[in-house]
There are 2 protein chains.
Amino acid sequence: MTAMQDRRRELVAQHGEPIAIVCGAGSLPFTVSEAAMKQGRKVLLFALRGWADPQRVAAYPHQWIRLGAYGRFRRLARAAGCRDVVLIGSLTRPTIPQLWPDFGTLMILPRLARLFKGGDDHLLSGLGDILHEDGFHLLGPHEIAPSITMPKGMLGRSQPNDRDRADIARGLALLRATGPFDVGQAVVVADQRVLAVEAAGGTDEMLLHLAELRQRGRVRSPANVGVLVKAPKPEQDQRVDLPSIGPQTVEHAARAGLAGVAVVAGSVVVAEPDRIASAADRAGIFVAGVGADGTV
Amino acid sequence: MTAMQDRRRELVAQHGEPIAIVCGAGSLPFTVSEAAMKQGRKVLLFALRGWADPQRVAAYPHQWIRLGAYGRFRRLARAAGCRDVVLIGSLTRPTIPQLWPDFGTLMILPRLARLFKGGDDHLLSGLGDILHEDGFHLLGPHEIAPSITMPKGMLGRSQPNDRDRADIARGLALLRATGPFDVGQAVVVADQRVLAVEAAGGTDEMLLHLAELRQRGRVRSPANVGVLVKAPKPEQDQRVDLPSIGPQTVEHAARAGLAGVAVVAGSVVVAEPDRIASAADRAGIFVAGVGADGTV
C-alpha cells in the first residue's frame, strides 16, 4: 500500500501533464477520471468510438478515436503532453471497421500479431511494452483510483459461514494452480467440489451455464451452497486486465444457486459497490472482499 | 505393463471363482465380460436395474440389483464365491427409489456420507476400501480387458499437425495442474489458448456449451483449430473412474469446431473404436491416443 501511496504523491507532483484515459464502455472510466481530478491531475479522455458513453464523455476534455487508431492516439497524446496512460472500461466484441488499423497501428502490427499468439496475458502486457517504447507510462486504473477495487470485508449484510470460507480457500488455491495457463479468473466451488472453471466466454457465461446445468439436473448440489471465487491471474498484468464484478455478477451467482461471491480485495474492480450491496441483500447472498490467502 | 500381465496370469489361475461384474448402462459391461471369459474366467453379472441392458444381460449368468442394495450384492456375491469385483458402465442420474438403501447399505451409510464430502475421487476410491473390508478385491475394467482402452496412435485417417501437438502438450500440462483439485478430466486448447475446462456436467456438456458460445460469437477462434484433451486425473482411482470417449464425443468435438481429440493411451476407455474411427473420418478430425507426456 505504501508503494501505491508514494506513487499517488508522485502523480500529484506531476499534475501539469494530463493523464491520457483511454475509455471503453461502462461507468468506470468516469469514476477513474473523477478520482484523478480529485488528486489535482488534469485528464484527457480518449473515447473509444462504439464503446465510450458520448453523453458522459462530453463533460471532460476528450478526443474520439477508433480502437485501431494507435497512430492517432500517439500523435494527440504527445501533442497534449500526456505521459501517463490508463486503459479502462469494457471492450466487448469489436467489429472489423473499429479495428481497422491507421498508419501508426500498421507500424506495430507485426508485434501485435506475435502478442496475439500467447493468450490474453501476453497481448495485454505487450501493449504496456509498446506504450513504453513510445515514451508513455502505462498505469493501472487502481493506482489512480484505489477506491474502484473491492475493499476487504462485506458488501451487503450476509456473511460467509465456515463451509463457504473453506470453499473460498479451495477456489483461490485452484486459481493459483491454473494461473500459469492463462485460463479464466473465476471458479465455482461448492462444499469443496469444483462446479465450474471459467475459460473462454467469461464469468457471466460460466454462471449462466451452471444455472442451466442445474435446471436440467446435470449438476446436483444443494441450493445456497457454493461460492464464486474471483482473483487476478498470478501472472496477470494488473495495469491492463483487472478482473471485475458488477450487480449482474451477483444476480447471476444467485441464479446459479450459490451462497455468495468472494473476490480478492484490492485487485478486483467493483463497478458499482452500492448496487452490488443491494443486489446481494435482495438475493440473500454474501459478497466478500478477501485476502489473497483467503482470509475473510 | 508387466505388472498388468502378471495380474492377468494370476486372474487366469483363479478361474474357479467368478468375477462379479457390476453393470451400468452401455455396451462396455459386455465387452469386459467377454474379455474375462476369453481368459477362462467365469463371470457373474450384477445388473443395475434402470441402467443395464436387460436383453444383453440375459445372455450371461446374472442377478438384478438396485443401486442402493449393497447388502443384497454382498450376500449374493459371497454365496457365488466371488472375490474379484469390477464396476463398469455409466450411471447417469440415479433416482431416489434406485438409491433407496437396503439393510447392508444402511450399515455403511455413515461412511458413504463422509465419502460424499470429498468429491468424486474420494467417494469412488472409498468404495474400493469398503469392498476390501468386506473381503472383496476391486479391479479396474482395463485390468481384465486392456483392449477397452485407447491404443497409442490414431483411430481414423486424420493426423494432428504441429500446432495440434503443441495444444495437446499444453492441455495435458493443465490437466496435471488441476488434477489435485478433483476437477474434470478434459480441457479444450486452441492455438495455446484454453477455451474450456471440464468441471461438473461432463465432457459432452462442455463441448456443447463451447459450440453454443461460438455460435453466439462469445468465443472467436478459427474453425478446425483446437483439441479436446482428456486424461485420467493424477490422483484418480483408475479401478472405478476411468474417463471414456465414444462416437458422440467425436461428433460434439467436431460441432465445437475442433481439429481433433487426444486421450492418454491405456487409461481412457474407448467404447466403440470402429464407430469412433468412422465418426472421426466423417467429421474430418483426428482421434489420437497419446503418451501421458503428450508424445503422439
Side-chain angles (χ1 to χ4, degrees), chain A residues 92-96 116-123 163 166 169-184 186-202 204-206 208-214 216-222 225-226 233 256-257, chain B residues 92-96 99 116-123 163 166 169-184 186-202 204-206 208-214 216-222 226 233 256-257:
Chain A
T92 44
R93 287 179 270 185
T95 63
I96 299 295
F116 260 110
K117 298 281 289 186
D120 286 359
D121 278 1
H122 252 84
L123 175 64
R163 184 187 52 217
R170 190 166 173 87
L172 289 171
L174 174 56
L175 287 168
R176 273 193 297 276
T178 59
F181 295 90
D182 198 8
V183 191
V187 296
V188 176
V189 181
D191 210 4
Q192 297 298 289
R193 230 188 122 202
V194 180
L195 295 189
V197 178
E198 180 185 329
D204 283 339
E205 288 291 350
M206 174 183 71
L208 291 172
H209 185 224
L210 180 57
E212 188 212 317
L213 287 175
R214 221 161 178 161
R216 301 207 328 260
R218 300 293 313 214
V219 169
R220 284 192 286 188
S221 106
V225 176
K233 300 172 209 164
Chain B
T92 44
R93 286 179 271 185
T95 62
I96 299 295
L99 283 170
F116 261 110
K117 299 279 289 184
D120 286 359
D121 278 0
H122 251 84
L123 175 63
R163 184 186 53 216
R170 189 164 173 88
L172 289 171
L174 174 56
L175 286 168
R176 272 194 297 277
T178 59
F181 294 90
D182 197 9
V183 191
V187 295
V188 175
V189 180
D191 209 5
Q192 297 297 290
R193 230 188 122 202
V194 180
L195 294 189
V197 178
E198 180 185 329
D204 283 338
E205 288 291 349
M206 174 183 70
L208 291 172
H209 185 223
L210 180 57
E212 189 214 317
L213 285 176
R214 223 163 176 159
R216 300 206 330 259
R218 298 295 311 216
V219 169
R220 283 191 286 188
S221 106
K233 299 172 211 166

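- The backbone N or O of B/F181 lies less than 3.5 Å from a partner atom in the side chain of A/R170, making a donor-acceptor pair.
- Taken from NE2 in B/H209 to CG in A/L210, the straight-line distance is 10.0 Å, to the nearest 0.5 Å.
- Interface residue A/V219: only side-chain heavy atoms are found under 4.5 Å from chain B.
- Interface remark: A/L195 contributes backbone and side-chain atoms alike to the contact with chain B (heavy atom separation under 4.5 Å).
- In this structure, CZ in B/R216 is found 4.0 Å from CD in A/E205, a value given to the nearest 0.5 Å.
- Among all heavy-atom pairs drawn from B/R218 and A/G201, the shortest one is NH2-O, 3.6 Å.
- For the pair A/A199 and B/V197, the tightest heavy-atom approach, listed with the atom from each and the gap, is CB-N, 4.2 Å.
- Proximity to chain B (any heavy atom under 4.5 Å) is shown, for A/A173, by both the backbone and the side chain.
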